[in-house]
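Here's the structure, in structure tokens; my notes come after.
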Amino acid sequence: MIIAANWKMNPPLAEAGALAAAYAAATHDGVTRVLFPPAPYLVQMSMRLDGSGVLLGGQDCHQADSGAHTGDVAASMLAACGAGMVLLGHSERRQDHGETDALVAAKAGTALGEGLAVMICVGETLDQRAAGDAEAVVTSQLEGSIPPVVTPDRLTIAYEPVWAIGTGKVAGVDEITAMHAAIRNWLAGRGLGQVPVLYGGSVKPGNADEIFAVGDVGGALVGGASLKAEDFDAICAAGARAAAICASA
Ligand code: PGA
């Protein structure tokens with residue numbers, strides 16, 4: 001199980017150190033934890049998490065190696081600050097910054113070239129789901145956002161229905177089961193059948209066990225609940241329970 005914390009543009013730096021220290025103090029068998037903090041916090045978080053087993057990642061990177069791109073961050077800079085991974089194509093990046101599948105694929109290619117692992121986000125809007133297009137939208141995002149040359153062991157997919165992010169609405173188990181099966185099927189057709197597929201969107205301690213019981217769910221990308229140490233810890237504990245059930249099956 002992979003449980004990733006997406007802090008987005010939170011919390012204040014004064015709180016971030018204590019939160020990372022709480023992550024570092026916990027252990028959960030069978031769970032790989034990843035923290036995506038704001039880029040300016042990476043070096044400090046890297047020191048806090050040193051030796052804890054919690055991996056560090058950037059929330060985005062530019063598609064170019066370097067150059068005149070004011071305000072952007074290069075994949076090599078993330079790596080130099082202690083990140084081993086980068087989150088790409090989050091729906092907030094797609095919505096707020098007009099990121100297209102092609103741009104996400106270009107960023108992923110650059111990040112992989114710098115030795116980073118990539119977590120690529122896909123997910124449909126409520127209108128797309130209501131129109132019956134959810135699976136077509138998601139598979140087309142996979143097709144366009146995964147670069148042509150990819151190392152399967154450095155790729156993770158996060159399925160995040162846009163309407164479930166930060167809203168408290170969670171996709172139903174049937175919806176998650178169907179979409180994860182469709183994603184798994186698509187990946188298997190490209191020789192990427194072993195790539196982990198996480199669920200994201202209002203994952204909380206109260207719903208994590210149910211979500212992790214879905215066979216194709218390989219973990220979670222957690223936003224709001226990752227900002228409370230005890231909630232993130234409870235979600236990781238649910239991940240450890242799911243990993244134990246899987247190992248004994
Ligand atoms: P949420 O965010 O858990 O607050 O819904 C998830 C995400 O956007 O990655």
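Counting starts at 1 for both ligands and their atoms, following the listed order. Heavy-atom basis, side chains included; hydrogens, waters and symmetry copies ignored.
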Does [X] reach ligand 1 with a nitrogen or oxygen that is under 3.5 Å from one of the ligand's nitrogen or oxygen atoms?
| X | value |
| --- | --- |
| S202 | yes |
| G223 | yes |
| G166 | yes |

With the threshold set at 4.0 Å, does a side-chain nitrogen-carboxylate oxygen contact exist between E143 and R190?
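Here E143 pairs with R190 in a salt bridge, since their nearest N and O are under 4.0 Å apart.
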
Indicate, with yes or no, if [Y] and [X] share a hydrophobic cluster defined by side-chain heavy-atom contacts under 4.5 Å among Ile, Leu, Val, Met, Phe, Trp and Tyr.
| X | Y | value |
| --- | --- | --- |
| Y41 | V54 | yes |
| V118 | V197 | yes |
| L87 | L19 | no |

What do you reckon, is CG of D29 surrounded by more than 12 foreign heavy atoms closer than 6.0 Å?
no

Over 12 non-hydrogen atoms of neighbours within 6.0 angstrom of NZ in K228:
no

Does C121 come within less than 4.0 angstrom of ligand 1, counting non-hydrogen atoms of the residue?
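False for this residue.
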
At under 4.0 Å between heavy atoms, what of A164 touches ligand 1? The answer is backbone

Using a 4.0 Å heavy-atom threshold (strictly under), name the region of I165 that reaches ligand 1: side chain, backbone, both or neither.
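Both parts.
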
Partner set under side chain to side chain contact (heavy atoms under 4.5 Å, CB included) for A225, not counting sequence neighbours:
K204, V222, D231, I235

I need the atoms of ligand 1 closer than 4.0 Å to a non-hydrogen atom of G201, numbered in the order shown.
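Counting from 1, the qualifying ligand atoms are 5 (O).
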
Atoms in ligand 1 flagged as close to H90, the criterion being non-hydrogen separation under 4.0 Å
7 (C), 8 (O), 9 (O)

Shortest reach to atom 9 (O) of ligand 1 by a heavy atom, considering only E160, K169, E92
E160

In terms of the angle between their ring planes, are F232 and Y23 parallel, tilted or perpendicular, with boundaries placed at 30° and 60°?
parallel

Heavy atom of the protein closest to atom 4 (O) of ligand 1 (residue, atom name, distance):
G224 N, 2.8 Å

If you have a sec, work out which protein heavy atom is nearest atom 2 (O) of ligand 1 and how many Å separate them, to one decimal?
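Checked against all protein heavy atoms, atom 2 (O) of ligand 1 sits closest to K8 NZ, 3.3 Å.
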
